[in-house]
Amino acid sequence: MKSNNKNNQKLFTKEIVLESLKQSFIKLHPKLMVKNPIMFLVEICTVVMLLVTINSFFSGTDHLQFSIYNLLITIILFFTLLFANFAEAIAEARGKAQADSLRKTREETPARLADGRTISSAALKKGDIFICEAGDIIATDGEIIEGLATIDESAITGESAPVIRESGGDKSSVTGGTKVLSDKIKVKVTTEPGESFLDKMIALVEGASRQKTPNEIALTILLAGFTLVFIIVTVTLKPFADYANAPITIASFIALFVCLIPTTIGGLLSAIGIAGMDRALRANVITKSGKAVETAGDIDVLLLDKTGTITIGNRKATQFYSANGIDEKQMIRAAVLSSMSDDTPEGKSIIELAGVNPLSYAVNAPRFIRFSAETRSSGIDFEQSRIRKGATDAIKRIVEKAGNIFPEEIEVKVREISGKGGTPLVVSENEKALGVIELQDIVKPGIRERFERLRKMGIKTVMVTGDNPLTAKFIAEKAGVDDFIAEAKPEDKMNYIKKEQSAGRLVAMMGDGTNDAPALAQADVGVAMNSGTQAAKEAGNMVDLDNDPTKLIEVVEIGKQLLMTRGTLTTFSIANDVAKYFAIIPALFITAIPALQSLNIMALSSPQSAILSAVIFNAIIIPFLIPLALKGVAYKPIGASALLRRNLLIYGLGGLIAPFIGIKLIDIIVSLFI
């Protein structure tokens, strides 16, 4: 259960609205407005109209009614700017509100060093070691180097259920601001002051250094192109008007220009990008850039670890099988001794299954051999004994290299275990195979349906596992993934990603270990677990606070929603221009060319009311669309072509019809006053 309701937070609160209104005026500064070319042009037009209005009031040459008309156009343009700024400001304010709540967890915390001294968390440096016991707040980011503890991460993740973190493996990372609930741990600091994960989170959600994404830049260039076209159209109308003896005022020219350029999407573009990152944060995913969220929407290939993602994880030893002529007690003894230094859940489960205390076996001067991706085995050397435990092919090489025969019955048992989805570990002593340990893992319920959803999105799923090909094939078929990489080493993941990228595909990957770091850095979207190692978190461009290995699926949907929202609102904005054209063009020329009355299909009251109505609609449509820009367009995995048809029908046709209705209703009201 979540301990907070940040996923259901209201779009508008009193505090957020008031702060956004204030920022709407601050953002009128030209240095800030120039970052949005379309709205900067609207600001220039507003200044020009203000000068024209002042001149018309004080020159004494214009009628009062005409001066008031100019003033109304100026005021409406000013509100158009404010509404556009408000859209961006409210998106930023929501992020800043989250940053403020995060700051509350980043308080000065005492840290007890290994030498007994107590110092402030601000004084901790990278490489320092501090100790935490039950009830302590973890002073800063680090990795557990000794011990195991239950930790409350609700201050960071919103998840009320405590989690277990321990030294060794890929669940060793702890975050500053979280609370130790039980036991005692020794933590090594992994960040410098001011560079903790919490500090980075605050900077990211505030969006102070948000960079425009490639698609956003491309769309900005496209909209700038449209704007340039309409500048040319508006300028060339002047000689046509003079020829037709239909003088057009500056106010009418500016109204036409502002209504025809894509001000709607121009005003909402920044808000859509900020809201995309905000939605990712509400899904408990910290993104290092908007580009990562956007890229997730275009992903073609998804790499997922088998253990903990597709399967429940924490494989457990379920059975010992000794080779012919080998006493089962001898085999179990070797399995237990080889697991003495194995901190993984699998290693611990082997000792648990044996039901023997490893210390009951007297060994002198033991030398533990840690597991590595290269050797794919671990073990212990002592006196005249060399015990190894590992993958079948790794132990087979050790046995045969010494000139011994690898037992046939072990190969049969390995195939049998692999055939039913288990993982076999072979044990050897002094280069002689003793038997097999069976590890079993369970495919997560509902995972097949999730992969089917991704398939409908056009995404290829790839399972990555260190298991042998037989086991990998069994799990892959059961889970419903499209492809798998068996006996995967770090470079295998990297090479697979490079191969897909060279074919023009975008690749996403999730990982938590140091050995995942190269692949996370290579992938277009790399999602690191918050519980994972510091190397993994630094290599990825997203961090999942919930440590949910299936979160990539949600990230992809958030990315697609961001792209869809931007695309549909652009379609809506451009479709709007058709109605504005039919409102303003007849109004400009209807007096000189009565035949244009047939284009006045909305039957607008007068040229002045037609232009005012179009400009008013152009302004008020922006705040009406702010909730949609912030929430995003609902995404359904129904295929790209079906989505395109659906959105063209709703937002293309809707963008065409809505202005006709809106402008007509505004005209009815406006005509009562002019």
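All residue numbers refer to positions in the sequence shown, counting from 1. Every heavy atom of this structure was used, including side-chain atoms; hydrogens, water molecules and symmetry mates were not.
The neighbour count for Phe79 CZ, taken as heavy atoms of other residues, nucleotides or ligands under 6.0 Å away, does not exceed 12. No more than 12 heavy atoms of other residues, nucleotides or ligands lie within 6.0 Å of NZ in Lys478, so this atom counts as exposed by the packing criterion. Within 6.0 Å of NZ on Lys664 lie more than 12 heavy atoms contributed by other residues, nucleotides or ligands. By the 6.0 Å contact criterion, CZ on Phe226 is open, its count of non-hydrogen atoms from other residues, nucleotides or ligands being 12 or less.
When Asn576, Thr264, Thr263 are each tested for a side chain to side chain donor-acceptor pair (under 3.5 Å) with Asn618, only one passes: Thr263. Checked against Glu452 for a salt bridge (charged side-chain N to carboxylate O under 4.0 Å, His left out), the options Arg448, Arg455, Arg450, Lys456 give a single hit: Arg455.
A salt bridge (Lys or Arg N to Asp or Glu O under 4.0 Å) check over residues 648-658, counting only residues at least two apart or in different chains, returns nothing.
A donor-acceptor contact shorter than 3.5 Å links the side chain of Gln501 to the backbone of Gln522. A distance-only check finds a donor-acceptor pair linking the side chain of Thr565 to the backbone of Val633 [under 3.5 Å].
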Exercise. Passes salt bridge (charged side-chain N to carboxylate O under 4.0 Å, His left out), Glu449 versus Arg453? Steps please.
Worked result: CA-CA 6 Å; Glu449 289 72 21; Arg453 225 164 99 200; over 6 Å; no
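Contacts of Thr190 classified as side-chain hydrogen bond (donor to acceptor under 3.5 Å, both in side chains), with partners at least two apart in sequence or in another chain: Gln534.
For the pair Phe86/Ile90, a side-chain contact is recorded, criterion being any heavy-atom separation below 4.5 Å from C-beta on.
Taking the centre and axis of the six-membered ring of Tyr496, the NZ or CZ atom of Lys499 falls inside the cone set by 45° and 6.0 Å.
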